[in-house]
Structures are given as C-alpha cells and as structure tokens.
Amino acid sequence: MALPLILPICLILLFLALYMLYQRLRFKLPPGPRPWPIVGNLYDIKPVRFRCFAEWAQAYGPVISVWFGSRLNVIVSNSELAKEVLKENDQQLADRHRSRSAAKFSRDGQDLIWADYGPHYVKVRKVCTLELFTPKRLESLRPIREDEVTAMVESIFKDCANPDNDGKSLLVKKYLGAVAFNNITRLAFGKRFVNSEGVMDEQGLEFKAIVANGLKLGASLAMAEHIPWLRWMFPLEEEAFAKHGARRDRLTRAIMEEHTQARQKSGGAKQHFVDALLTLQDKYDLSEDTIIGLLWDMITAGMDTTAISVEWAMAELVKNPRVQHKAQEELDRVIGFERVLTEANFSNLPYLQCVAKEALRLHPPTPLMLPHRANANVKIGGYDIPKGSNVHVNVWAVARDPTMWKNPLEFRPERFLEEDVDMKGHDFRLLPFGAGRRVCPGAQLGINLVTSMLGHLLHHFVWTPPEGIKPEEIDMSENPGLVTYMRTPLQAMATPRLPSHLYKRVAVDM
Ligand code: HEM
C-alpha cells in the first residue's frame, strides 16, 4: 500500500483506540466482553442477539457494555434496570439511533419511529395519541379487523376442504401474514389491495415490491454501519435510496390523491389514517414528508409484529394441547356453536386473553425493543452511560427472569389469572410494547388483533402437529433480526370444529 495511505489509516486507528480508552477511563462503564480495537465486539455477537446478550448478562451482570465498532451499546436485562431506563431516565434516553438506511428512509427522522425526542417528536406523538389511536377510532376500525380475521378462517377452511391437501399440514404464517397485510394497508392507506379471489391489484404489487426493496436496502452495509471511518469503502447507494424514496412517495401520493378526490365527492372523511392525517394536516402543521413517513411507520411497525406474535402463540398451543383445550372450552361456553367471536366478547374470555399475554411474554416480537439513544450523560445501575450511547432493554430476558417468574420457561397462561400483570408499560416485568415516552402507540390495536386471530383460530379449528411429528419436535428457535420470526415457520394440521355455515368471511367495505 502506498505510504501516503498508510499514515492516515494508522492515525485514524490510533485515534479510535485512544478514544475507546478515553471513554473507558473517563467513565465508569458497565462491564462486558473485552472489545477488540476497531471492531469492538462485533465479531463476538452471535446472530440471535438477544440470546447472546442474555448469556453475557449471566457472566457480567444485568447491565453490560457491548461495542458495535466504536459505538457503545448498553443492554439491561432485569426489570429494576428496565425501570431506570424507561421511567427514571426516560426523557434522557428517548432519542433514536438512526442507521444510515433508517436516516434515508425517514428523511432524517421526519417520521415518528426514527425521530429524536424533541418538538417534532412531541407533535407527531400527540397526533398518534389524540387522533390516530384513540379508543373511538380503534372501535370504528373494528369491522375491518373482523372482516380480515373471518377471511382468514374462510381461507383455512377452504384449504382444509380441498382434497389435494388431504393429510397435508398448513403453513400457518401464510394465513396470518395475509390478515396482517390487509389489516394494516386498510387501516393506514384505506385500501384492500387483494380482491376476494385473493388476487392482488397493481398498486398492491407495487406496494409489496417497495416493502421488499426497503428490506433489501436496509440489510446492506451492516459492517460499515458501525465503523464510520470504513464508510468511504462502502459508499451508500445514494441512487438506489433516492429511487426507492421516489417510488414510495409516488405510490403514497397517488393513494392520497384518490382519497382527496373521494372526500371532495362524498363530503366526508373516512376513519383510516390517510384521511385522518390529510384532514389534520393544517391543525398540526404536518409536512407531506411527515404524513408519508408516518403512514409507512405503521406498515413497518404494525404488520409483521402481529403476525409473528400469533405464529409463536400457535406453536405453543400445538405443543401444549392442555392449554389449547382449555381455551376452546372457554370459547364453547361463552360463544357456543351458533355464532362467531367478536371483539366485544373479549371481556368474557379471560383465559384467551391470558394465552395472548403468555405468548407475548415468552416471545416478544421485538425482543430488544427498538434502540434508544442517550441525549445526556446518565447513570444506570450505578454505571455511567455517556451521551450518544445506545441503550437496549432485553425485554425477552426480563420476561424470563427466574427471580421474577415462577417456572419462567413454561407456557402457562394461568399465571396471569393468579396475578394480573399489565403488559402495556406499567409493570416492568413484562414489556413486549416497551414503556415510557416511546411505548408502542399501537399496543391496544396489536393486542386486539392478536387476541381476535387466536380466538378465531381456536374456536374454528383443532390444531395438531403435522403427521409423524411429535409436539416436542416443533422447532422453537428464532431467526436473527430486529423482529423475531420463528426459524422454522410453523406447519400444523387444522381440523374444523364448528358448523360449516360459520366459516364465511364477514366482508365490509370501508
Ligand atoms: C403485537 C404487536 C406489537 C408489538 C409487540 C409492538 C412492540 C413495539 C415496541 C417494543 C416498540 C418500541 C418501543 C420503544 O422503542 O421503546 C414499538 C414501537 C412502535 N410501534 Fe409497535 N408493536 C406492535 C404493534 C404495533 C401496531 C399494530 C402499530 C401500528 C399500527 C405499531 C406502531 C408502532 C410505532 C409507530 C412505534 C414507534 C413509537 C416511537 O418511536 O415513539 N405497533 N412497538
């Protein structure tokens, strides 16, 4: 290598090594695995990160330092420290770390998910709390959820009745994914892109292609992400990102325009988020970038999380026939064999609600939540957390802490009949939706949809493992990633258990 290149590189390396040393000497940082120069602990982290961090917490304690390149990440793994992060130091730890791709997608935090805590965030969050996720709006969007859940039941029933499928198991995720997709596109964009024959229209295909392309772009350049001085070797594909953004905006604007014209014709706004945001644009001074960003945030945060939660719950129910039968007994007693479940019945189905909660305890779909970033120096567990560090709460580990939970690895929904534990951010032992300022705004919507999907799946069908597979052979390991899919998608046999006229979709047009 030419001498003129070696010198600056050596200087950068020296600077980074000194910087890490300075941080470690100046601050009393939490303990953790020894970092390597430049890469920190990047090469020591196992792919399923929350499991790896939980193992390290066993060795080093409930608050640990992990270096992603030269950036300090602090992970806390018990409920006491989760409270320190999400309650006592909530505001100082409410910024977000934006990767380069997240920064591009969100136009540097013009949305909600990737915005730092500040006036913009407070304004947009207010729109969510006071306008988008009010109990009234959730209730008025209920027919959409019930339409989609009954469409799922109809589609499973048809597949069971098809002689070609005799003796074959179903890929459960296929049905759950369709509910999540249709529900979120109708809620956010006021559109069902799929017709009753299951055929997706052109806009829907474009929508899917944009989501897939976003995932592809987001997954690239992982290493250069953490080592800023390496970035010159991995330039961000500026053009690809610009194209992606333009394509996303084009589709969203076309849909927004369709709704504006429909409102002008009918004189009234519908309940979905596009109409809500467009009619509130002036009141809250929302830019077009913010509206588009918010709509896509809902897709990113609200689509996979619900389908994943139900898939894990179903895997537990196939593995635990006792729990499945008990939930079905409750459904038979309360709903009977002459009608189908609606969300209005939830309050009379306490065991079903406990099943959903127990699944979210053992399998939170975002086990490390989303990373928070410190906007000031704070102390957690007696250690220094310098401004600019990322802070993660391992909610997966917190919900399996044997000092807090009896037989934590057992799937036993009854634990919540014995002790009612809140899961929406008030009890720091159970945090599938996070807590504090950045708690998931879609928590109630997510809980309703998960409970409704589970209730219908259990009321309408008996679920058993595929032929020749024993319940204990179902693979319960996780795929790596920010959201945790099952590594082996669940396959199960469904046997109808209600009169056949109850398997019809209850379609609504809204
Ligand atoms: C079972 C379903 C769901 C789970 C387990 C879940 C969980 C979470 C978690 C853990 C966070 C991060 C909290 C933090 O950073 O402290 C989050 C954020 C968020 N969720 Fe959910 N979520 C679910 C469903 C939904 C739905 C259905 C929507 C919307 C339609 C939604 C919208 C959001 C948004 C916009 C954020 C970002 C909030 C912010 O940064 O201030 N989520 N969610």
Side-chain angles (χ1 to χ4, degrees), residues 50 76 82 85-87 89-91 93-98 102 106 109-118 120-129 132-133 137-138 141 144-145 148 176 179-181 183-189 272-273 276-277 290 293-313 356-357 359-373 390-396 398-399 423-425 428 430-454 482-484:
F50 57 93
V76 305
V85 170
L86 299 170
K87 188 167 183 192
N89 296 284
D90 184 17
Q91 184 163 344
L93 297 177
D95 274 8
R96 279 271 189 249
H97 166 70
R98 289 185 287 278
S106 66
Q110 287 304 300
D111 64 338
L112 177 75
I113 298 187
W114 300 113
D116 284 331
Y117 188 77
H120 168 80
Y121 178 82
V122 171
K123 177 175 81 176
V124 178
R125 185 78 200 202
K126 203 166 145 192
V127 175
C128 285
T129 317
L132 300 184
F133 291 99
R137 194 178 298 274
L138 286 195
L141 292 166
I144 294 184
R145 297 194 289 281
E148 294 307 334
L176 310 180
V179 180
F181 178 80
N183 180 64
I184 208 79
T185 55
R186 292 178 79 178
L187 168 114
F189 289 93
H272 51 68
F273 289 2
L277 289 169
T290 295
L294 255 179
L295 290 172
W296 284 88
D297 275 0
M298 301 306 159
I299 306 292
T300 317
M303 189 159 72
D304 291 351
T305 41
T306 41
I308 289 173
S309 306
V310 181
E311 191 185 21
W312 281 109
K357 197 180 268 191
L360 284 162
R361 178 183 73 84
L362 276 176
H363 309 285
T366 46
L368 293 168
M369 308 193 321
L370 293 175
H372 290 217
R373 197 182 56 188
N390 292 338
V391 179
H392 313 252
V393 178
N394 191 340
V395 294
W396 178 88
V398 171
M423 66 164 153
K424 289 193 288 181
F428 291 83
L430 186 60
L431 297 163
F433 299 98
R437 280 174 169 73
R438 295 212 84 126
V439 68
C440 172
Q444 192 56 52
L445 173 65
I447 294 170
N448 286 8
L449 195 55
V450 168
T451 313
S452 177
M453 285 160 86
L454 280 176
L482 191 65
V483 284
T484 303

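In listed order, ligands and their atoms are each counted from 1. Because only heavy atoms are used, hydrogens play no part in the values below, and waters and symmetry mates are left out as well, while side chains stay in.
Screening V483, T484, V395 against T366 for a side-chain contact (heavy atoms from CB on, under 4.5 Å) leaves a single residue, V483. Of the residues listed (I144, I299, V179, T305), the one engaging I184 in a side-chain contact (heavy atoms from CB on, under 4.5 Å) is I299, and it is the only one.
Each of the following atoms of ligand 1 lies closer than 4.0 Å to a heavy atom of I113: 37 (C), 40 (O). Here is the list of ligand 1 atoms found below 4.0 Å of a heavy atom in H372: 14 (C), 15 (O), 16 (O). Shown in contact with R96 at under 4.0 Å from a heavy atom are these atoms of ligand 1, numbered in order with element: 14 (C), 15 (O), 39 (C), 40 (O). Less than 4.0 angstrom separates some heavy atom of P365 from each of these atoms of ligand 1: 5 (C). For ligand 1, the atoms closer than 4.0 angstrom to any heavy atom of R125 are 38 (C), 39 (C), 41 (O). Numbered from 1 in the order shown, with element, the atoms of ligand 1 that lie under 4.0 Å from a heavy atom of P432 read 5 (C), 7 (C), 10 (C). Residue T366 approaches ligand 1 through these ligand atoms, each under 4.0 Å from one of its heavy atoms: 7 (C), 9 (C), 10 (C). For ligand 1, the atoms closer than 4.0 angstrom to any heavy atom of Y121 are 39 (C), 41 (O).
Here the closest non-hydrogen pair linking H120 and D111 is NE2-O, 2.9 Å. Looking at every heavy atom in both residues, C128 comes nearest to M298 through SG-CE, 4.3 Å. In this structure, R145 and L138 approach most closely via the heavy-atom pair NH2-O, 3.0 Å. Considering every non-hydrogen atom in both D297 and L112, the closest pair reads OD2-N, 2.9 Å.
The nearest protein atom to atom 19 (C) of ligand 1, hydrogens excluded, is given as P441 CD, 3.7 Å; this is a heavy-atom distance. Looking at atom 1 (C) of ligand 1, its nearest protein heavy atom turns out to be S309 OG, 3.5 Å. When hydrogens are left out, the protein atom nearest atom 8 (C) of ligand 1 is C440 CB, 3.6 Å; that is the closest non-hydrogen contact. Summary of contacts: the protein heavy atom closest to atom 28 (C) of ligand 1 is G302 CA, 3.6 Å. Taking atom 23 (C) of ligand 1 as the reference point, the nearest protein heavy-atom neighbour is T305 OG1, 3.6 Å. The single protein non-hydrogen atom nearest to atom 4 (C) of ligand 1 is F433 CE2, 3.3 Å, given as residue, atom name and distance.
A salt bridge does not link R438 with D90: none of the charged nitrogens is closer than 4.0 Å to a carboxylate oxygen.
If you take CG on L295 and OG1 on T300, they are separated by 10.5 Å, rounding to the nearest 0.5 Å.
Scanning M303, H363, R438, R437 for the heavy atom closest to atom 13 (C) of ligand 1 points to R438. Comparing heavy-atom distances from atom 25 (C) of ligand 1 across P371, A188, A301 singles out A301 as nearest.
Checked against the 6.0 Å centroid threshold, Y121 and W114 do not count as a close aromatic pair.
Here F133 has side-chain heavy atoms under 4.0 Å from ligand 1, and that is the only part of it that gets that close. When non-hydrogen atoms are compared, ligand 1 lies under 4.0 Å from the side chain of I184 (C-beta onward) but not from its backbone.
Within the 4.5 Å cutoff, the side chain of L445 has heavy atoms near those of the L187 side chain.
Between F133 and F273, the angle of the ring planes goes over 60°, which puts this pair in the perpendicular group of the 30/60° scheme.
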